[in-house]
S.K.: 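I have a structure I would like to understand better, so I am pasting it below and will then ask my questions one at a time.
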Amino acid sequence: MAPSVDTRALIGRQRELAAQVIDRDDLRLPPELVAGVDAAFPDQGRTTRAAAVLMRFPELETVDEVVFEQATELPYIPGLLSFRELPAILGALERLALPPELVLCDGQGRAHPRRFGIACHLGVATGLATIGVGKSRLCGQHDEPGPEKGAAADLVDGGEVIGRVVRSRDRVRPLYISVGHRVSLATAVDLVLTCTPRYRLPEPVRRADRLAGRHSPA
DNA sequence: GCGACAG
DNA sequence: ATCTTGTCGC
C-alpha cells in the first residue's frame, strides 16, 4: 500500500465532485431493488473485501449477494475514506445480477467536512441513488434524539443541516443519516427506517457487513 | 496550539 | 476497520 498519500489532490477532487451531488428525489419511489454495501480489511488490512447485498423493497428478501476483494491501496485517513473503500465496493456492485435503484452505504453522505462522504462519491461515480448511513459522527453538532425508534434531530455544521441523527430502534445508539445522491434527506430517513425492521442497522447494510466481515451465519 | 477524527 | 474474553442487561 502507498506509504504516502497526496491528500491535497484528493481533497481537491472531493471539492469539484461535491458540486455534482443531487440532493432531491430523483429515483422511482418506492424503489423495488435496494442494495447495501460495506468493506472489511483482512490480512492486517492488506486486503480490501467488499460485499454488496441486493434486496427487494420493502419485503427485504435477498435477491443476490456478492463478495469482491483486491489489494488495499490506501490507508484510512479521516475525511478521505471513500478513496480507500470505493474501488472494491464498485467491483462488488458491478457483479450483482441486477443493478440496484438505491444503495445504502456504511458511512456518511453529505455529513462530511466537504459534503462528500462515501455515499456521495459512490452516487456520483455510478449515477445511482445513494444514502449515507453512519454508525458514528464525522462532523457537525446535534441534540440528543429521544429514546424511541423514529426519534430524530438535525445534524448541523457551518449553519447548514447536513443530515439527521436517527434512532433506528428503541434505546440504541442513533444512526447518522445523510443524502448520498439523487435522494432528499426526508426520503432518505424514511427509506432507511423502512429497511430497519429489527436491528440497529438497516437490513441491506447489516447483511453486507456480515458478508464482508468475519462473523457467523445468522 | 488544541481537539476531533466515517471505517 | 482491526486487535481481543468475559460479561452486563433485556
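Computed from a predicted structure; not experimentally measured. Letters go in sequence order (proteins before strands), and every chain restarts at 1.
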S.K.: Quick one: does any side-chain atom of A:R169 pair with a main-chain N or O of A:P197 as donor and acceptor, under 3.5 Å?
M.R.: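 Yes, because the side chain of A:R169 sits within donor-acceptor range (under 3.5 Å) of the backbone of A:P197.
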
S.K.: Out of A:L33, A:L191, A:L102, which residue meets the side chain to side chain contact (heavy atoms under 4.5 Å, CB included) rule with A:F57?
M.R.: A:L191

S.K.: Give one of base, sugar-phosphate or nothing for A:G79, where a contact means two heavy atoms less than 4.0 Å apart.
M.R.: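 Since a base atom lies under 4.0 Å of A:G79, the category is base.
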
S.K.: Under 6.0 Å from the ring centre and within 45 degrees of the ring axis: does the NZ or CZ of A:R84 meet both conditions for the six-membered ring of A:F41?
M.R.: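 So A:R84 does make the cation-pi contact.
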
S.K.: One pair to check against salt bridge (Lys or Arg N to Asp or Glu O under 4.0 Å): A:R206 and A:E203. What are the steps and the verdict?
M.R.: CA-CA 5 Å; A:R206 196 182 71 84; A:E203 211 56 21; 2.9 Å; yes

S.K.: If you restrict it to nitrogen or oxygen atoms, what contacts under 3.5 Å exist between nucleotides 2-10 of chain C and the protein, and what is each distance?
M.R.:
residue : atom : partner : partner atom : Å
C:dT2   : OP1  : A:F41   : N            : 3.1

S.K.: Evaluate the side-chain proximity of A:E101 to A:E32: yes if any heavy-atom separation is below 4.5 Å, no if none is.
M.R.: yes

S.K.: Taking only N/O atoms, report every protein-nucleotides 2-5 of chain B pair under 3.5 Å with atom names and distance.
M.R.:
residue : atom : partner : partner atom : Å
B:dA4   : O3'  : A:R137  : NH2          : 3.3
B:dC5   : OP1  : A:R137  : NH2          : 2.3

S.K.: How close or far is atom C1' of B:dG7 from atom CD of A:E73, stated in whole angstroms?
M.R.: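 One finds 16 Å between C1' of B:dG7 and CD of A:E73, rounded.
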
S.K.: Provide, to the nearest angstrom, the distance between the CD atom belonging to A:Q14 and the C1' atom belonging to B:dA6.
M.R.: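 It is 12 Å, rounded to the nearest whole Å.
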
S.K.: How many whole angstroms separate atom CD1 of A:I177 from atom C1' of B:dA6?
M.R.: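 The distance from CD1 of A:I177 to C1' of B:dA6 comes to 14 Å, rounded to the nearest Å.
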
S.K.: Do we see a donor-acceptor contact under 3.5 Å between the side chains of A:T72 and A:T48?
M.R.: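 Distance-only check passes for A:T72 and A:T48.
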
S.K.: Once you apply a heavy-atom cut-off of 4.0 Å, does A:L86 come out as touching a base, just sugar-phosphate, or nothing?
M.R.: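 Since no nucleic acid heavy atom lies under 4.0 Å of A:L86, the category is nothing.
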
S.K.: Which of these, A:R114, A:R110, A:R115, sits in a salt bridge (charged side-chain N to carboxylate O under 4.0 Å, His left out) with A:D157?
M.R.: A:R115

S.K.: Given Watson-Crick or G-U pairs with both distances under 3.5 Å, what dot-bracket string fits DNA chain B, with | for other-strand pairs and [ ] for crossing?
M.R.: .......

S.K.: Taking everything shown except A:D25 itself, do over 12 heavy atoms lie less than 6.0 Å from its CG?
M.R.: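 Counting other residues, nucleotides and ligands, CG of A:D25 exceeds 12 neighbours.
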
S.K.: Restricting to side chain to side chain contact (heavy atoms under 4.5 Å, CB included), what partner residues turn up for A:A151, sequence neighbours left out?
M.R.: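 For A:A151 the side chain to side chain contact (heavy atoms under 4.5 Å, CB included) partners, ignoring immediate neighbours, are A:P145, A:R167.
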
S.K.: Tell me, yes or no, whether the heavy-atom count around A:R173 atom CZ, taken from other residues, nucleotides or ligands under 6.0 Å, exceeds 12.
M.R.: no

S.K.: A:H121 vs A:F83 aromatic rings, parallel, tilted or perpendicular, using cut-offs 30° and 60°?
M.R.: perpendicular

S.K.: Between A:T62 and A:R207, is there a side-chain donor-acceptor contact under 3.5 Å, judged purely by atom types and distance?
M.R.: yes

S.K.: How does DNA chain C read in dot-bracket, base by base from 5' to 3', with Watson-Crick or G-U pairs under 3.5 Å and | used when the partner is on another strand?
M.R.: ..........

S.K.: So which of residues 113-129 of chain A are in contact with DNA chain B, with a heavy-atom cut-off of under 4.0 Å?
M.R.: A:G117, A:I118

S.K.: Looking at every non-hydrogen atom in both residues, tell me the closest pair between A:C105 and A:I118 and how far apart they are.
M.R.: CB-CG2, 4.4 Å

S.K.: Can you give me the closest heavy-atom contact between A:G140 and A:I162, atom names plus distance?
M.R.: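 Reported closest heavy-atom pair: CA-CD1, 4.5 Å.
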
S.K.: Got a donor-acceptor contact below 3.5 angstrom from the A:Q108 side chain to the A:G79 backbone?
M.R.: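 It does not hold such a pair.
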
S.K.: Could you tell me if A:R137 sits above the aromatic ring of A:Y176, with its cationic atom closer than 6.0 Å to the ring centre and no more than 45 degrees from the axis?
M.R.: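 Not satisfied by the 6.0 Å and 45° rule.
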
S.K.: Whole-Å distance between B:dA6 P and A:D209 CG?
M.R.: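 Checked: the CG to P distance equals 16 Å.
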
S.K.: Would you say B:dG7 has OP1 or OP2 under 4.0 Å from some side-chain N or O of A:K135?
M.R.: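 Yes, A:K135 has a side-chain N/O under 4.0 Å of OP1/OP2 on B:dG7.
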
S.K.: Output the rounded distance in Å from OH (A:Y176) to C1' (B:dG7).
M.R.: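 To the nearest whole Å, that distance equals 15 Å.
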
S.K.: Grab the CZ-P distance between A:R206 and B:dG7 for me, whole Å please.
M.R.: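 Distance, rounded to whole Å: 17 Å.
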
